[in-house]
Structures are given as structure tokens and as C-alpha cells.
Amino acid sequence: VIFEQFDIPGGLMRTNIPAFRLPEMVLNDEINMILEMGVDLRLGHQINSMSSLLADEFDAVFVGTGAPRGKDLELPGRGDSERIHIGIDWLESVAFEHTKTIGEKVLIIGVGNTAMDCCRTSLRLGGKDVKVIARKPRGYFKASDWELEDAEEEQVEIVVNHSPREFVLENDKLIGMCFDRLHYSHDASGKLSSEIVGEEFLPCDDVILAIGQENAFTWIERDIGIDFDEWGMPVIDKTTYQSTLKGVFFGGDAAFGPENIIWAVEHGHQSAISIHRHCSNQPV
């Protein structure tokens with residue numbers, strides 16, 4: 001059985017990954033192949049308790065809920081404009097066609113794969129001058145190389161060594177952001193450190209925050225045998241993908257934090273092997 005809180009199959013993939021990267025036709029074909037094998041897909045079905053799910057006498061549970069909560073950036077001016085968006089929420093709004101336009105000048109804060117989706121989507125919604133702002137040098141970017149190449153081919157400018165300081169408004173209208181310009185160096189032990197060497201104002205009509213995503217496991221009780229680490233992530237065996245509670249497995253962003261869909265699918269493959277062995281009374 002697959003429980004999906006959306007009313008459409010593959011909801012997170014449809015809403016969080018732009019169609020120009022993951023075409024709807026491809027997604028539909030992949031999902032239909034799975035359903036034709038006899039999987040019971042239950043849409044619009046939100047799980048509010050792991051304990052209740054386990055009480056339904058399932059032999060194994062796989063959690064692939066992703067990292068659905070985008071991180072915010074609490075800086076001066078943050079709450080004073082509606083033109084400052086959380087990246088993953090903004091992509092979802094675009095997918096559902098609630099958002100159809102954006103200003104000509106757009107700043108994307110962050111340089112992961114979600115930031116790449118946001119900058120390229122901005123171009124398709126009317127953005128003319130789209131900049132991705134990175135706090136660190138290029139060698140420390142989280143985005144995949146091919147994502148960066150695709151963005152730069154579409155004339156997205158990547159600005160390095162800039163740390164956000166403030167959202168700037170004029171007459172209650174967002175006009176840009178102030179940044180600290182940083183210089184990086186390595187100390188004797190090889191540790192990277194930074195120092196502020198200046199400041200810079202960059203004008204914009206919209207800001208999209210893509211500085212990371214968080215997991216939301218409020219629905220998993222903490223007294224049922226599933227251990228969590230200091231960051232609130234489940235403790236997972238990286239070979240078997242099994243949690244500390246026998247028969248409960250995690251994969252994708254829900255297991256190890258935000259990565260990409262390719263790794264998430266691989267986690268599903270590996271977890272399926274472990275689940276098969278578990279249900280066959282073999283060591284996982």
C-alpha cells in the first residue's frame with residue numbers, strides 16, 4: 001500500500017520539481033508501471049501517527065516523505081514584504097498555477113538544487129535579471145555540476161562570497177538586499193574561514209529563499225523505538241536503510257536530508273531489497 005497525502009500520484013515530485021526537468025508524461029509513465037504491478041495507491045490519505053500505522057499490522061513500513069519544510073532567513077525586513085518567498089513553497093505555487101509571474105529582477109538565496117529549480121523557473125515566469133547568491137566559493141556549492149551548467153547556459157548569474165545582511169524596502173516596497181562581501185582562506189589545519197571585506201547592495205523585485213529544507217517528523221512518536229539524532233533526523237543504517245525499529249525503513253530526503261531524485265530512487269531500490277528480506281525472515 002502507498003499512502004499519498006496529495007490527491008494526485010507523485011504529488012511532491014509534481015509540485016517541487018519543475019516540469020521542464022521532470023516532464024509530467026515521464027512521471028505518469030513511471031507511476032503507472034508501478035500501479036500496474038498491483039500496488040494499492042491511496043490518495044488524499046495523510047498519516048498522522050506512526051503508532052497507528054504500525055497497529056494496522058503491516059509487516060514493514062517505508063517512509064519517503066522528503067524534506068517538505070523550507071528554511072527561512074530571519075533578517076531585518078523579512079516580514080515587511082510579500083515579495084520574499086520560500087523556495088520549495090514557491091515552486092509548489094507555480095506548479096499549481098497560483099503563481100504565474102515574477103518580477104524582472106530576482107535574487108535566489110542559496111545554491112543547492114532547489115535554488116537551480118527556482119532560478120530557471122523564474123526565467124520562465126518573466127525574470128530578466130536572475131542572480132543566484134552563494135555564501136561560499138564555487139567548490140563548496142551543494143548543487144550538482146550539471147544543474148549549475150544548465151542554469152548558466154540560460155544566463156543565470158552566480159554571485160559568490162556574499163552573505164545576506166538585510167532586505168531593503170523603500171516606501172513599503174522591496175527594492176533589493178544588502179550583502180556582506182566575504183573573503184575566504186584556509187588556516188594551518190586546512191579549515192575554511194571567512195572575513196568581511198566589504199558590502200554590496202543588489203536591486204531586485206523578488207527574493208526566493210532556497211537555503212535548505214527541513215524534515216517534519218511530528219507525526220512519529222518518540223517512544224516507539226525509532227531513534228533520532230541531535231538534528232531531529234532518524235538514525236538509519238546506511239546499508240539496509242532500516243531504522244532502529246525493526247521493520248521501519250527510511251529513504252530519500254527523509255532519511256539523510258535534501259539530495260536529489262536520483263538518490264531517492266536508489267534508496268527506494270535498496271530499501272525494497274531489505275524489506276523483501278525482512279518479510280522473508282532473512283537478515284536484512
Side-chain angles (χ1 to χ4, degrees), residues 1-17 22 27-28 30-71 86-89 91-93 95-96 114 212-238 240-279 284:
V1 176
I2 295 178
F3 295 107
E4 168 73 84
Q5 70 172 356
F6 287 87
D7 291 323
I8 51 175
L12 278 176
M13 289 185 288
R14 291 181 195 274
T15 58
N16 295 163
I17 302 176
L22 182 59
L27 185 56
N28 288 339
E30 293 287 331
I31 291 172
N32 287 334
M33 286 172 58
I34 295 170
L35 297 181
E36 288 169 1
M37 295 178 183
V39 170
D40 178 2
L41 174 63
R42 302 182 187 180
L43 300 173
H45 196 115
Q46 183 167 328
I47 302 298
N48 297 311
S49 167
M50 175 65 86
S51 291
S52 297
L53 189 63
L54 294 172
D56 280 343
E57 298 183 358
F58 289 105
D59 296 308
V61 174
F62 174 80
V63 180
T65 52
R69 186 175 3 187
K71 292 182 180 179
I86 301 294
I88 194 167
D89 296 336
L91 288 171
E92 184 173 309
S93 181
F96 283 119
T114 297
Q213 294 163 227
E214 298 176 325
N215 296 80
F217 291 121
T218 55
W219 57 282
I220 300 181
E221 295 84 355
R222 295 303 193 266
D223 59 353
I224 60 175
I226 300 176
D227 292 343
F228 289 81
D229 64 21
E230 59 187 301
W231 298 284
M233 293 293 290
V235 177
I236 307 299
D237 186 293
K238 292 185 177 181
T240 67
Y241 296 90
Q242 186 169 227
S243 71
T244 53
L245 179 59
K246 186 177 179 180
V248 177
F249 303 80
F250 288 73
D253 296 357
F256 305 113
E259 255 290 353
N260 59 49
I261 193 71
I262 300 169
W263 286 112
V265 171
E266 172 63 8
H267 294 173
H269 286 166
Q270 297 300 327
S271 297
I273 295 170
S274 294
I275 290 170
H276 172 72
R277 296 183 64 85
H278 168 76
C279 293
V284 297

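Predicted model, so just to flag it, every value in this text is computed and none were measured. Worth knowing before you read on, the calculation uses all heavy atoms, side chains too, and leaves out hydrogens, waters and symmetry mates.
Remark: the backbone N or O of Asp227 is paired with a side-chain donor or acceptor of Thr244 at under 3.5 angstrom. Checked by atom type and distance alone, the side chain of Arg222 pairs as donor or acceptor with a backbone atom of Ile220 at under 3.5 Å. Side-chain atoms of Ser243 come within 3.5 Å of backbone N or O of Val248 as a donor-acceptor pair. Listed for the His267 side chain is a donor-acceptor partner under 3.5 Å among the backbone atoms of Gly252.
In this structure, Phe3 and His45 have tilted ring planes: the angle between them lies in the 30° to 60° band. The aromatic rings of Phe228 and Phe217 lie tilted to each other, with the angle between the two planes from 30° to 60°.
Here the side chains of Val63 and Met50 are in contact, with some heavy-atom distance below 4.5 Å.
Atom CZ of residue Phe256 and atom CG of residue Asn215 lie 11.5 Å apart, to the nearest 0.5 angstrom. Atom-to-atom distance recorded for Ile17:CD1 and Ile261:CD1 is 4.5 Å, nearest 0.5 angstrom.
Considering all non-hydrogen atoms of both residues, Ile88 and Gly70 come closest at CG2-N, 3.7 Å. Pro234 approaches Ala254 most closely through the heavy-atom pair CG-O, 3.5 Å.
With no hydrogens or angles considered, no side-chain donor-acceptor pair links Gln242 and Ser274 at under 3.5 Å.
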